[in-house]
Amino acid sequence: MKSYDVSHKLNLACVQAIEEAFGREVSTNDIVLQHTRKDFDGQYTLVTFPFTRYSKLSPEETGKAIGEVLQKNCPLVQQYNTVKGFLNLEIEDQVWLDVFTTLHRDKESFSMPSTGKKVVLEYCGPNTNKPLHLGHIRNMLIGYASANLLSRVGHQVHKVNIYNDRGIAICKSMVAWKHFGEGNTPQSTQTKGDHFVGEFYVAFDQAYKKQVEERIAEGKTKEEAENNAPLLLEARFMLRQWEKGDQEVIDLWNMMNSWVYEGFEQTFSRLGVDFEKHYKESDYYQDGKRLVEEGLQQGIYTQRKDGSIWVDLTQEGLDEKLLLRGDGTSVYITQDMGIAEARYQDFGMDRSVYVVANEQDYHFKVLKLVLEKLGKPYGKSIFHLSYGMVDLPSGRMKSREGTVVDADDLLDEMVKTARHRTEELGKVDDLSPAEAETLYHTLALSALKYFILKVNPKKRVIFNPEDSIDFQGHTGPFIQYTYVRTRSVLRRYKGKGFEQSQHTLHETERDVIILLHDYCATLQRAADADDVSIVAEYAYQVARAYSKLWSEVKILNEEDENLVAFRVALSRVTGEVLADAMSILGITMPERM
RNA sequence: GGCGCUGUAGCUUAACUGGAUAGAGCACCUGACUACGGAUCAGGAGGUUCGGGGUUCGAAUCCCUGCAGCGUCACCA
């Protein structure tokens, strides 16, 4: 809660006013204060319906009674008006000017105190047998931005990644490389490592399909053919060899995975995301077993005749769930239990956030319950930040059908578009080639990141590769452009610094100040809701309000030099808030564009 | 089939968690001091918030029901 928070002060004033007017104590939580709609006079509106039962008056009369007391007692309130059950409060301009003076003068005005809470946030979680795609991009952007947001509101955040680096999938790539690779490497073929390995995953699938067809032609049933095609048998054999620790297989596996990691690192860095630690499934997949044994000892889990271990979640409305196979090998959830434990040992976090698509909602419900039943502190700390998957107009992306939107290709495409648009406008023809390239990259990423992050993470999104992503309107580049304007003003201004002002506010000035005033509360709301799109939406509103101000008042060409100093200061703070909000989203601001 | 998620202008979306006449952007039409940066601003047109009930002073939001799409219910990960 900031000392300059007008709505908080108003909230308290309303509580007192209601007590004075009707002799009833109400809680601050009962007060619904909202920003006044544009069509009415005022900046805050109190909804008075809930208080009619105390006042025994009509909603409108209730509002008048409260408004009367507020006008008399509360120095913030200049005037009031009522419309039906809504009491609109007009705040003194000087209040807003004082708020702005604080925002402008006090370097700490947008900082937030440490909460002392440790958060581990996992995102990305790719398989190591193929390159990253649009789904991973959404995951990474949401993950990275959420981590920034949580950190911005005072938590200590650790970003981690999990590599799904073992299993049948990577074995397929390995088998295919042995057969068709001819000893080639990413270096020898000038191919990005993850793409290189991905090509063999596709090659496996094609060769496998061919084998299946041949065997069907030989008179085998479809099922027979699919289950016993030599390539598949070979991949399964390789998986078993891997689990046995066969050195040749392990070496091949290490080599191919290292190619993939190198490729991933390039994409991470291009996208501007990073991790404090990468967990590898292969290092931990055995580790959950001890926890399962523990649960079995405590009688929380049950063992069947075949030796498999299960947890009964029917009381919780779910099913019975397998935790350990009859032969003692672990399943997906077993390893996630182990990794949760490892993570707690590494970081001792208060909260563990998993940024994973909503197709795994059920899995995380189970994981949380299973660990809670064990009484582990990291059980109840689990939060699945479940986001909607990215689909194409034709439905789900399918690698087999080649409809996957590749992350690197999409980035290339965006940079190309940014270059075209920038060259078309011709505003920065004097930049050096290197500066220009940096700018195209900055704009391209802004367009892409904003496009994805402005949507509520929970919603499923449909991405049409045919439609290009906009650079105008409700977009990242528009917000960057607004920032660039504020920078342009600051570059040109040679006058004195702003101290304070007492002028009558222009409507657009008031609108901008109120938005800046709301910044910290908005960040908090976004963090509480684990919804970074709230930050994106806010940045857009600020940019729009400033653009409107730009068109309606003069800044540098205003005659009153105090007013110029004020508007320059307003431009500075606006620019800083825009840059800060966008940096949470992982978007950087150019000085010119 | 059980469970879960989603459904808002042609398209992409917002609505501060139950509040005023559902707010923007794109696309379409019209206009903007020879401009402190026009990647902008202003205006127009575009809505049965999937359908039907219910709760409430008040519902896009909560409850019931139907429809559509998707996910999940593997000794896959």
Side-chain angles (χ1 to χ4, degrees), chain A residues 7 32-40 45 47-50 52 58-59 83-86 88 125 127 164 166-169 281 285 306-310 317-319 321-327 329-333 335-336 357-363 365 386 388-389 391 395-396 421-422 424-425 427 443 447 451 454-456 458-464 467 469-475 477-482 484-485 487-489 491-493 518 521-522 525-526 529 533-534 537-538 540-541 543-544 547-558 564 567-568 571 592-593:
Chain A
S7 70
V32 179
L33 263 182
Q34 52 195 223
H35 284 304
T36 303
R37 293 179 58 118
K38 276 270 158 263
D39 332 314
F40 304 99
T45 296
V47 182
T48 62
F49 288 104
T52 52
S58 70
V83 181
K84 296 188 280 185
F86 301 92
N88 302 319
N127 294 332
N164 300 304
R166 69 177 191 108
I168 191 72
E281 183 186 305
Y285 79 105
D306 63 359
S308 59
I309 300 177
W310 296 72
L318 306 177
D319 306 309
K321 193 78 190 166
L322 177 81
L323 297 179
L324 210 57
R325 292 191 187 107
D327 60 8
T329 58
S330 58
V331 290
Y332 182 47
I333 196 154
Q335 85 189 15
D336 265 3
N358 62 12
E359 63 183 338
Q360 295 202 38
D361 284 357
Y362 183 79
H363 170 72
K365 263 186 208 163
S386 163
M389 306 221 280
D391 288 325
R396 200 164 175 165
R421 276 214 62 84
T422 306
E424 236 170 60
L425 290 167
K427 292 182 181 185
L443 295 174
F451 175 79
K454 74 174 176 178
V455 183
N456 185 323
K458 282 198 214 100
K459 288 193 158 187
R460 147 178 124 117
V461 301
I462 295 174
F463 179 82
N464 189 346
D467 300 345
I469 293 175
D470 270 313
F471 282 66
Q472 287 174 15
H474 189 182
T475 66
F478 164 62
I479 298 168
Q480 290 176 312
Y481 177 70
T482 311
V484 164
R485 281 172 148 182
R487 301 304 292 167
S488 167
V489 166
R491 273 199 302 274
R492 288 168 185 276
Y493 184 62
D518 289 346
T522 304
R525 186 163 63 86
S533 72
I534 290 173
E537 178 66 23
Y538 170 82
Y540 174 63
Q541 281 174 13
R544 215 156 53 103
S547 292
K548 184 163 175 140
L549 176 143
W550 183 284
S551 69
E552 292 198 14
V553 304
K554 292 173 177 165
I555 298 175
L556 295 172
N557 297 340
E558 180 61 52
V564 176
R567 286 178 183 158
V568 170
S571 300
R592 298 174 53 203
M593 62 189 276

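In the text below, chain A, chain B and the rest are named by the order of the sequence lines, each starting its count at 1.
Using modelled atom types, no side-chain atom of A:Arg460 and backbone atom of A:Met389 make a donor-acceptor pair closer than 3.5 Å. For A:Asp319 (side chain) and A:Lys321 (main-chain N/O), no donor-acceptor pair under 3.5 Å exists by modelled atom type. Looking at A:Thr52, its side chain never comes within 3.5 Å of a backbone N or O of A:Thr48 through a donor-acceptor pair. Looking at A:Ser547, its side chain does come within 3.5 Å of a backbone N or O of A:Ala543 through a donor-acceptor pair. With hydrogens and angles ignored, the 3.5 Å screen pairs a side-chain donor or acceptor of A:Thr522 with a backbone N or O of A:Asp518.
A:Tyr540 comes within 4.0 angstrom of sugar-phosphate atoms only, judged by non-hydrogen atoms across all strands, and of no base. Within 4.0 Å of A:Glu552, counting heavy atoms only, lies no atom of the nucleic acid at all. The residue A:Arg544 sits close only to the backbone: its heavy atoms come under 4.0 Å of sugar-phosphate atoms, none of a base. Using a 4.0 Å heavy-atom cutoff across all strands shown, A:Asp336 reaches no nucleic acid atom at all. Residue A:Lys548 is in sugar-phosphate contact alone, with no base atom involved, counting any heavy-atom pair closer than 4.0 Å across all strands shown. Among the heavy atoms of the strands lying under 4.0 Å from A:Val553 is at least one base atom, whether or not backbone atoms are also near. Across all strands, A:Leu443 comes closer than 4.0 Å to base atoms (heavy-atom distances). Nucleic acid contact for A:Thr45: base, since at least one base atom lies under 4.0 Å from a heavy atom of the residue. Residue A:Thr482 is classed as having no contact, given no heavy-atom separation below 4.0 Å to the nucleic acid.
The same atom, C1', is picked in B:rG46 and in B:rA9; the two are 5 Å apart, to the nearest Å. For the C1' atom pair drawn from B:rC64 and B:rG23, the interatomic distance equals 30 Å after rounding to whole Å. Taking atom C1' in both B:rU17 and B:rC11, the straight-line distance is 27 Å, to the nearest Å. One C1' atom belongs to B:rA24, the other to B:rG43, and the distance between them is 15 Å to the nearest Å. Separation of the C1' atoms belonging to B:rU12 and B:rU6 is 16 Å when rounded to the nearest angstrom. Straight-line distance between the P atoms of B:rG51 and B:rG7: roughly 13 Å, to the nearest whole Å. With C1' as the reference atom, B:rA60 and B:rA77 are 38 Å apart, rounded to whole Å. For the C1' atoms, the distance from B:rA59 to B:rC3 is 27 Å, rounded to whole Å.
Taking atom CG of residue A:Leu556 and atom C1' of nucleotide B:rC36, one finds them 5 Å apart after rounding to whole Å. The CG-P distance, from A:Asp319 to B:rG4, rounds to 12 Å in whole Å. Atom CG in A:Leu324 sits roughly 16 Å away from atom C1' in B:rA74 (whole-Å rounding). Rounded to whole Å, atom C1' of B:rU72 lies 14 Å from atom CD1 of A:Ile333. Rounding to whole angstrom units, CZ of residue A:Phe463 and C1' of B:rC11 are separated by 14 Å. Straight-line distance from the CZ atom of A:Phe40 to the P atom of B:rA20: 9 Å, rounded to whole Å. For the pair A:Asp361 CG and B:rG71 P, the interatomic distance rounds to 13 Å; values are reported in whole Å. Rounded to an integer number of Å, the gap from CG of A:Asn557 to P of B:rG37 is 9 Å.
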Collect all protein-nucleotide pairs involving nucleotides 13-19 of chain B in which both atoms are nitrogen or oxygen and the distance is under 3.5 Å.
from	atom 1	to	atom 2	distance (Å)
B:rA14	OP1	A:Asn456	N	3.1
B:rA14	OP2	A:Lys459	NZ	2.7
B:rC16	O4'	A:Arg525	NH1	3.3
B:rG19	O2'	A:Gln34	OE1	3.4

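With a 3.5 Å ceiling on both atom-pair distances, the Watson-Crick or G-U wobble partner of B:rC70 is B:rG4. Across all strands shown, nothing is found opposite B:rA9 as a Watson-Crick or G-U wobble partner with both distances under 3.5 Å. The partner of B:rU34 is absent, by the rule that a Watson-Crick or G-U pair needs both atom distances under 3.5 Å.
Because its glycosidic torsion is within 90° of 0, B:rU17 is reported here as syn.
The side chain of A:Arg37 places an N or O atom within less than 4.0 Å of a non-bridging phosphate oxygen (OP1 or OP2) of B:rA20. In this structure, A:Trp550 does not reach the B:rA35 phosphate: none of its side-chain N or O atoms is under 4.0 Å from OP1 or OP2. Distances shown here put a side-chain N or O of A:Arg485 below 4.0 Å from the OP1 or OP2 atom of B:rG38.
With sequence neighbours excluded, the residues that form a side-chain hydrogen bond (donor to acceptor under 3.5 Å, both in side chains) with A:Ser533 are A:Asp531.
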- Give the B/S/- string for nucleotides 27-34 of chain B, one per nucleotide from 5' to 3', where a protein heavy atom under 4.0 Å of the base yields B, of only the sugar-phosphate yields S, and otherwise -. --------
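The side chain of A:Arg325 has B:rC75 as its nearest neighbour among B:rU12, B:rU21, B:rC75. Relative to the side chain of A:Asn88, the nucleotides B:rG4, B:rC75, B:rA20 differ in distance, and B:rA20 lies closest. Listed nucleotides B:rC5, B:rC36, B:rA77 differ in distance to A:Asn164; the shortest reach to its side chain belongs to B:rA77.
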- Full working for side-chain contact (heavy atoms from CB on, under 4.5 Å) between A:Tyr493 and A:Arg567: CA-CA 11 Å; A:Tyr493 184 62; A:Arg567 286 178 183 158; over 6 Å; no
- Query: Under the side-chain contact (heavy atoms from CB on, under 4.5 Å) criterion, do A:Tyr285 and A:Thr329 qualify, and how do the steps go?
  - Reply: CA-CA 9 Å; A:Tyr285 79 105; A:Thr329 58; over 6 Å; no
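Side-chain polar atoms of A:Tyr332 and A:Gln360 form a donor-acceptor pair below 3.5 angstrom.
Note that CD1 of A:Ile469 and CG of A:Asn464 are 11.0 Å apart. Values are rounded to the nearest 0.5 Å. Note that CG of A:Leu322 is 9.5 Å distant from CD1 of A:Ile333, once rounded to the nearest 0.5 Å.
We find that A:Arg37 and A:Asp39 are joined by a salt bridge, their nearest charged nitrogen and carboxylate oxygen being less than 4.0 Å apart.
With the nearest nucleotide of RNA chain B identified for both A:Ser308 and A:Ser547, A:Ser547 has the one nearer the 5' end.
Using a 4.5 Å cut-off on side-chain heavy atoms (C-beta onward), A:Phe478 and A:Tyr540 make contact.
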